[in-house]
Structures are given as C-alpha cells and as structure tokens.
Amino acid sequence: MTWEELENECRNCHKCPLGDTRTNCVFGTGSREAELMFVGEAPGEQEDLSGTPFVGRAGQLLDKFLEAVDIPREKVYIANILKCRPPQNRDPLPAEEDACIDYLREQVRLIRPKVIVCLGRVSAMRLIKPDFRITKEHGQWFKKGDFLMTAVYHPAYLLRDPRKKEDMLVDMRRLREKLDEAT
Ligand code: URA
C-alpha cells in the first residue's frame with residue numbers, strides 16, 4: 001500500500017464509531033524517512049480540530065523535551081494508536097484499538113524506523129506488552145523484531161505530575177544516546 005492509499009483510507013474510515021464524531025482524522029506527521037517514531041495514545045481536542053498529533057499543551061511539552069536533547073521534530077514521525085479522538089478524551093476502548101491498529105502497522109512498515117518510542121501507558125501496553133507498567137518500566141529498552149523500543153511518560157501525565165519531568169529528561173537523554181548508537 002502507498003502512503004496516499006493509506007492516508008485516504010484512514011481519512012474516510014468508519015471502522016469504529018469514532019469515525020462519526022471526529023472533526024479530523026489525525027493520521028500522523030513528520031518525516032516518512034524517520035529513524036525514530038513516537039506513538040501516542042489518541043488525539044485530544046486540539047489535535048482533532050487541527051488534524052495534527054501533539055499540538056496541544058501536551059504536544060508543546062513534548063516539543064520542549066525534543067529540543068532539550070536536540071532532536072528536531074521534523075526529523076521524527078509522530079502518530080497515535082487511535083487516529084480519531086475519543087469523546088471527552090477517555091481511554092481508547094480495546095475494540096477501537098483493534099479497528100485502528102492496522103493503520104499504525106502500515107505506517108511502521110512504510111517508514112521502517114530503527115527506534116519506536118511509546119508515549120505513555122496505553123501505547124506501551126499495545127506495542128510492547130499488555131502488562132506494561134509505565135512507572136516501573138519507562139526508559140527500559142526492548143528489542144522487538146527489527147525495532148528497538150522503549151516507553152516514556154506521556155507528556156499529558158507530566159503536566160499533571162511535574163515531578164516526573166526529571167525522569168523524563170533522563171529517559172530522553174538515553175534515547176538520544178541509543179539513537180546515536182543505532183544510526
Ligand atoms: N495525546 C496523545 O496521546 N496524542 C496526541 O496526539 C495528543 C495528545
């Protein structure tokens with residue numbers, strides 16, 4: 001499948017009820033040649049309105065951490081497990097993830113990144129392992145097939161608990177090192 005076919009299919013998707021309530025499908029953004037891919041949970045309000053992932057307050061915080069470790073946002077690819085916003089930003093339902101996950105799978109297949117970073121628990125549980133514990137296992141590294149994977153705190157969580165920002169910086173610095181080793 002080509003990028004164009006994939007994006008068209010996603011933008012017209014009604015495989016789950018979120019297709020009826022979205023303003024925009026939030027497909028993904030960034031470099032299609034990225035070595036590094038970030039995967040969040042689902043679009044929030046600002047993302048739904050703009051069609052771009054991580055542009056609200058959480059996204060701005062993510063930008064700060066990227067800047068802090070010298071990773072230009074335009075060099076990475078950023079997507080979510082769900083492409084449409086769940087009402088009131090509730091957690092994605094398993095059925096919604098199941099309906100949507102093939103879009104992400106295809107994005108990964110087309111990009112073939114070396115490193116995949118899960119942003120938060122929901123993404124880590126889906127992509128690394130179902131019993132992933134974000135407080136215990138953030139910053140740990142996993143080799144999965146061709147990919148090196150890790151999970152860091154979701155930036156929205158850091159907004160609620162700023163004390164965790166120190167851990168986040170440590171994880172992001174390690175990511176920078178891993179990236180330098182892997183590329
Ligand atoms: N939170 C996410 O998980 N993804 C976004 O795109 C925005 C906020």
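Side-chain atoms are counted along with the backbone in the values below, which use heavy atoms only and exclude waters and symmetry mates. Remember, it's 1-based here, ligands and their atoms both numbered in the order they're listed.
Between Y77 and W3, the ring-plane angle classifies as tilted under the 30° and 60° cut-offs.
Between the side chain of E5 and the backbone N or O of T2, at least one donor-acceptor pair lies under 3.5 Å.
Under the 4.0 angstrom criterion for non-hydrogen atoms, Q46 is not in contact with ligand 1. At least one heavy atom of N80 sits less than 4.0 Å from an atom of ligand 1. Not a single heavy atom of G59 sits closer than 4.0 Å to an atom of ligand 1.
Annotation: cation-pi geometry not satisfied between K165 and Y153 (NZ/CZ under 6.0 angstrom from ring centroid, within 45° of ring axis).
More than 12 heavy atoms of other shown residues, nucleotides or ligands fall within 6.0 angstrom of atom NZ in K129.
For ligand 1, the atoms lying closer than 4.0 Å to a non-hydrogen atom of H154 are 1 (N), 2 (C), 3 (O). Numbered from 1 in the order shown, with element, the atoms of ligand 1 that lie under 4.0 Å from a heavy atom of E41 read 2 (C), 3 (O).
A salt bridge links D91 with R121; the closest basic N to acidic carboxylate O contact falls under 4.0 Å.
Residues H154 and F54 place their aromatic rings such that the two centres sit under 6.0 Å apart.
Counting heavy atoms closer than 4.0 Å to ligand 1, residue P53 contributes atoms from both its backbone and its side chain.
Heavy-atom proximity to atom 5 (C) of ligand 1, evaluated over G56, A42, G120, G40, is greatest for A42.
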